[in-house]
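Remarks on the structure that follows.
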Amino acid sequence: MPRYWLMKSEPSTYGIDDLRARPRQTDCWDGVRNYQARNMLRDEIRPGDLAFFYHSSCAEPGIVGIMKITGAGRPDPTAFDPGDHHYDPESSPTAPRWYMVEVHLERKLKRTITLTELKRYPELSGLPLLKRGNRLSVMPVEPKHWKFILSLV
DNA sequence: GCCAACGTTGGC
DNA sequence: GCCAACGTTGGC
């Protein structure tokens with residue numbers, strides 16, 4: 001059974017149109033620097049899983065698309081590059097600290113399902129995204145929540 | 001191990 | 001720009 005996820009990105013840095021512009025609409029979801037999210041990227045997210053693409057820190061925060069995971073977790077090379085914004089000298093190829101997965105854009109939604117809208121539904125009360133103070137950039141989505149959100153599209 | 005200081009996230 | 005919430009760091 002595939003599992004479901006939600007992955008955040010700031011569109012001013014990397015939005016859904018950036019992914020759509022990649023060859024084969026496939027890219028590496030790198031730059032994540034949070035241990036809890038790292039553990040999911042490294043250990044839990046698998047090829048075949050599906051993920052919502054979420055735009056954060058922008059005019060209209062919300063879900064904008066659906067991605068499929070096409071590559072399992074592997075070391076994030078941006079951590080090894082001193083010139084990269086996400087460089088981490090504590091991470092090395094022999095002892096990688098940060099991981100990434102490969103994602104493919106399945107589709108961009110016709111409209112953004114905004115955070116404001118998601119908050120309206122009691123059916124989504126358990127969604128980690130809506131928990132107070134949540135700051136995780138990668139989080140699981142229960143199948144029932146996944147299906148409900150899809151019904152809103 | 002505690003905890004204050006600091007940095008980051010992210011909605012508004 | 002503001003600020004709440006959370007994670008990380010480092011002194012003790």
Side-chain angles (χ1 to χ4, degrees), chain A residues 3-22 27-45 49-69 71 73-103 105-142 144-153:
Chain A
R3 294 181 68 186
Y4 303 105
W5 308 90
L6 181 144
M7 298 163 82
K8 295 181 187 172
S9 185
E10 300 183 21
S12 60
T13 303
Y14 187 91
I16 191 162
D17 290 330
D18 294 301
L19 175 55
R20 192 160 64 162
R22 306 299 293 179
D27 209 352
C28 292
W29 199 271
D30 57 24
V32 174
R33 297 293 180 267
N34 169 282
Y35 288 103
Q36 217 179 323
R38 186 281 309 269
N39 291 346
M40 288 186 264
L41 292 170
R42 187 187 59 188
D43 307 327
E44 296 189 53
I45 304 180
D49 287 358
L50 296 168
F52 288 128
F53 194 130
Y54 179 90
H55 278 174
S56 65
S57 294
C58 57
E60 197 177 46
I63 293 168
V64 293
I66 296 169
M67 302 182 284
K68 178 175 276 184
I69 308 301
R74 54 193 170 92
D76 179 351
T78 66
F80 310 143
D81 177 5
D84 194 283
H85 182 248
H86 296 289
Y87 174 59
D88 180 357
E90 300 300 311
S91 185
S92 69
T94 50
R97 173 175 291 185
W98 305 113
Y99 282 71
M100 64 182 188
V101 296
E102 186 187 85
V103 297
L105 180 64
E106 289 288 294
R107 62 181 167 122
K108 178 179 177 177
L109 303 185
K110 290 197 189 75
R111 67 181 186 91
T112 299
I113 304 176
T114 65
L115 178 62
T116 308
E117 179 178 358
L118 294 171
K119 285 176 175 170
R120 280 211 297 267
Y121 303 105
E123 290 90 338
L124 296 177
S125 61
L127 191 68
L129 176 73
L130 304 180
K131 290 217 182 93
R132 196 178 66 123
N134 162 72
R135 288 167 43 188
L136 266 184
S137 65
V138 177
M139 62 187 90
V141 176
E142 291 178 41
K144 65 179 179 184
H145 293 147
W146 179 272
K147 285 175 194 136
F148 183 82
I149 293 168
L150 280 187
S151 77
L152 303 173
V153 177

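Just so we're on the same page: letters track the sequence lines, and every chain starts at 1. Model, not experiment: these values are computed from the prediction.
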Mind checking what makes ring pair (Phe, Tyr, Trp, His ring centres under 6.0 Å) contact with A/Tyr87, not counting sequence neighbours?
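Result, ring pair (Phe, Tyr, Trp, His ring centres under 6.0 Å) vs A/Tyr87: none returned.
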Are A/Tyr35 and A/Trp98 close enough that their ring centres sit under 6.0 Å apart?
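They qualify: ring centres under 6.0 Å apart.
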Describe, in one word, how the ring planes of A/Tyr14 and A/Trp29 are oriented to each other, choosing from parallel (under 30°), tilted (30 to 60°) and perpendicular (over 60°).
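Plane angle over 60°, so perpendicular.
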Side-chain contact test, heavy atoms from C-beta onward, threshold under 4.5 Å: evaluate it for [X] versus [Y] and give yes or no.
{"X": "A/Ile149", "Y": "A/Leu127", "result": "yes"}
{"X": "A/Pro96", "Y": "A/Phe80", "result": "yes"}
{"X": "A/Val141", "Y": "A/Phe148", "result": "no"}

Rounded distance in Å - [atom1] ([X]) to [atom2] ([N]):
{"X": "A/Trp98", "N": "C/dT8", "atom1": "CH2", "atom2": "C1'", "value": "10 Å"}
{"X": "A/Leu6", "N": "B/dG10", "atom1": "CG", "atom2": "P", "value": "11 Å"}
{"X": "A/Asn34", "N": "B/dG7", "atom1": "CG", "atom2": "P", "value": "18 Å"}
{"X": "A/Arg33", "N": "B/dT8", "atom1": "CZ", "atom2": "P", "value": "14 Å"}
{"X": "A/Asp88", "N": "C/dT9", "atom1": "CG", "atom2": "P", "value": "9 Å"}
{"X": "A/Leu136", "N": "B/dG11", "atom1": "CG", "atom2": "P", "value": "13 Å"}

Contact under 4.0 Å: A/Tyr54 side-chain N or O vs B/dG11 OP1/OP2:
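Result: yes.
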For A/Lys8 and B/dT9, is the shortest distance between a side-chain N/O and OP1 or OP2 below 4.0 Å?
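So the side chain of A/Lys8 is outside the cut-off, no N or O lying under 4.0 Å from OP1 or OP2 of B/dT9.
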Between A/Arg33 and A/Thr78, a side-chain donor and acceptor under 3.5 Å
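A/Thr78 and A/Arg33 do have a side-chain donor-acceptor pair below 3.5 Å.
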Anything under 3.5 Å between a protein N or O and an N or O of nucleotides 2-5 of chain B, put it in a table, one pair a line.
none

Can you list every pair that meets side chain to side chain donor-acceptor pair (under 3.5 Å) and has a residue in residues 118-133 of chain A, with sequence neighbours left out?
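Listed once each, the pairs are A/Glu117-A/Tyr121.
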Pick base, sugar-phosphate or nothing for A/Ser57, based on heavy-atom distances below 4.0 Å to the nucleic acid.
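The answer is base, as A/Ser57 lies within the cut-off (heavy atoms under 4.0 Å) of a base atom.
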Name every residue in residues 108-118 of chain A that has at least one heavy atom under 4.0 Å from any atom of DNA chain B, in order of residue number, or write none if there are no such residues.
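Per residue number, the list reads A/Leu115.
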Should the heavy atoms of other residues, nucleotides or ligands under 6.0 Å from CD of A/Glu44 be counted, would the total exceed 12?
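More than 12 within 6.0 Å, yes.
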Salt bridge (charged side-chain N to carboxylate O under 4.0 Å, His left out): pairs with one or both residues in residues 6-21 of chain A, sequence neighbours excluded
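Sorted result for residues 6-21 of chain A: A/Asp17-A/Arg20, A/Asp17-A/Lys108.
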Contact list please: residues 120-134 of chain A against DNA chain C, heavy atoms, distance less than 4.0 Å, in numerical order.
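Going residue by residue through residues 120-134 of chain A, the ones with a heavy atom under 4.0 Å of DNA chain C turn out to be A/Arg132, A/Gly133.
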Compare every heavy atom of A/Met100 with every heavy atom of A/Pro75, then report the nearest pair and how far apart it is.
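Shortest heavy-atom contact: O-CE, 3.8 Å.
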